[in-house]
Amino acid sequence: MGPRGFTLLEVMVALAILAAALVATSQIVSASLRNHVRAQHLEVATLLARGRMAALEERYEWKGFAVQDEQAEGTFEDDGHPEVKWRLEVKVPPIDTTPDAIVRALTGSDLKDLLPSQEKAPQLAPFMPTVTAALQGPLGQLGEKLKRGARQVKLTVSWPEGAGEESFTVTTHMVVLAPAESQPR
């Protein structure tokens, strides 16, 4: 028996299957390319954010923080990416810096719980108010230093993505108790 010819219907079915496969392949390749471009943009934005955070940390370790909250924004044009924007918020965190709160943060207990009770050390009872007052002074100073030297730093990086915009935000806390600029040389 010789080779048989294909009917018009068989040829059309084969072409329809081939067309569907090409459309599916095209969609997969297109999605893959979009994901690749998005990943590249995200990588660039991440590296730029890391550099900005490192520069901020260096700046604050040298100069210290402003007394009030700060905000700033700009682009990474100097880094070769004018399309990538940044927004910075530096805020005084709402922390309790009373002497009792400092002791609780450091030890998990209140100051009165760290000192021996009158039942355990009756001979120390007359001195406890003096000891407590003596500890509260330095703890109060430490609390004030923390108020001046602790900040919540929030950096948002954004870039154009298709018809919209993509972004991410990095939030951290920085503590600079003794800026280098204020240190005696």
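Position 1 is the first residue of the sequence, and the numbers go up from there. These values consider heavy atoms only, across backbone and side chains, with no hydrogens, waters or symmetry-generated copies. The shown structure was predicted, so the numbers you read here are calculated from the model rather than taken from an experiment.
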Next item on the list: Considering non-hydrogen atoms only, spot the tightest contact between Val67 and Val92 and give its length.
Entry: O-CG2, 3.9 Å

Checklist line | More than 12 heavy atoms of other groups within 6.0 Å of Glu161 CD | finding: yes

Note to self: If I compare all heavy atoms of Arg151 with all of Ala66, which pair ends up nearest, and what's the gap?
What the structure shows: NH2-O, 2.8 Å

Check: Does NE2 in His36 sit with more than 12 non-hydrogen atoms of other residues, nucleotides or ligands closer than 6.0 Å?
Finding: no

Margin query: Would you compute the distance between atom CG of Asp96 and atom NZ of Lys147 and round it to the nearest 0.5 angstrom?
Written below: 8.5 Å

Please tabulate, for the side chains in residues 81-91, all donor-acceptor contacts under 3.5 angstrom to protein atoms that are two or more places apart in sequence or on a different chain.
{"residue": "His81", "atom": "ND1", "partner": "Glu83", "partner atom": "OE2", "Å": "3.1"}
{"residue": "Trp86", "atom": "NE1", "partner": "Thr75", "partner atom": "O", "Å": "3.2"}

Check: In Å, rounded to the nearest 0.5 Å, how long is the span from NZ of Lys154 to NE2 of His173?
Finding: 9.5 Å

Notebook entry, point to check: Can you name the nearest heavy-atom pair linking Pro93 to Gln152, along with the distance?
Noted result: CD-N, 4.0 Å

Next item on the list: Work out which heavy atom in Phe6 is nearest to a heavy atom in Glu10; give both atom names and the distance.
Entry: CA-OE1, 3.5 Å

Next item on the list: Return yes if some donor-acceptor pair links the side-chain N/O of Ser32 with the main-chain N/O of Ile28 below 3.5 Å, else return no.
Entry: no

Notebook entry, point to check: What distance do Lys145 atom NZ and Leu142 atom CG have between them, rounded to the nearest 0.5 Å?
Noted result: 8.5 Å

Notebook entry, point to check: When hydrophobic residues are tied together by side-chain contacts of less than 4.5 Å, even through go-betweens, does Leu139 share a cluster with Val131?
Noted result: yes

Note to self: With side-chain contact (heavy atoms from CB on, under 4.5 Å) as the criterion, how do Leu42 and Trp159 come out once you've worked through the C-alpha distance, each side chain's angles and the decisive distance to 0.1 Å?
What the structure shows: CA-CA 9 Å; Leu42 188 57; Trp159 63 95; 3.6 Å; yes

Next item on the list: Can you measure from CD (Glu144) to OG1 (Thr98) and round to the nearest 0.5 angstrom?
Entry: 10.5 Å

Notebook entry, point to check: Using links of under 4.5 Å between side-chain heavy atoms of ILVMFWY residues, direct or through other members, which residues join Met12 in one cluster?
Noted result: Leu8

Next item on the list: Specify the closest pair of heavy atoms between Pro179 and Trp62, including all atoms of both residues, with the distance to one decimal.
Entry: CB-O, 3.5 Å

Checklist line | Smallest separation among heavy atoms of Val157 and Ala49, with atom names | finding: CG2-CB, 3.7 Å

Checklist line | side-chain contact (heavy atoms from CB on, under 4.5 Å) between Glu57 and Val153, intermediate numbers included | finding: CA-CA 10 Å; Glu57 187 175 345; Val153 179; over 6 Å; no

Margin query: Membership question, hydrophobic clusters at under 4.5 Å side-chain separation (ILVMFWY): are Leu177 and Ile102 in the same one?
Written below: yes

Margin query: Pro99 and side chain to side chain contact (heavy atoms under 4.5 Å, CB included): which single residue from Gln136, Gln141, Arg104 fits?
Written below: Gln136

Margin query: Quick check against the 3.5 Å criterion: does Asp110 have a side-chain atom that pairs as donor or acceptor with the backbone of Val103?
Written below: no

Next item on the list: Tell me whether Leu48 is reachable from Phe168 by hopping between hydrophobic residues (I, L, V, M, F, W, Y) whose side-chain heavy atoms are closer than 4.5 Å.
Entry: yes

Checklist line | Residues, nucleotides or ligands: over 12 heavy atoms within 6.0 Å of Glu43 CD | finding: no

Check: When rounded to the nearest 0.5 angstrom, what distance separates CG in Leu56 from CG in Leu155?
Finding: 7.0 Å

Notebook entry, point to check: When you check the gap from the basic side-chain N to the acidic O, do Glu70 and Arg59 get nearer than 4.0 Å?
Noted result: yes

Notebook entry, point to check: Quick one: do the Arg50 and Thr46 side chains pair a donor with an acceptor below 3.5 Å?
Noted result: no

Notebook entry, point to check: Distance from Asp100 atom CG to Leu135 atom CG, nearest 0.5 Å?
Noted result: 11.0 Å

Next item on the list: Evaluate whether atom CD of Glu166 has more than 12 neighbouring non-hydrogen atoms of other residues, nucleotides or ligands under 6.0 angstrom away.
Entry: yes

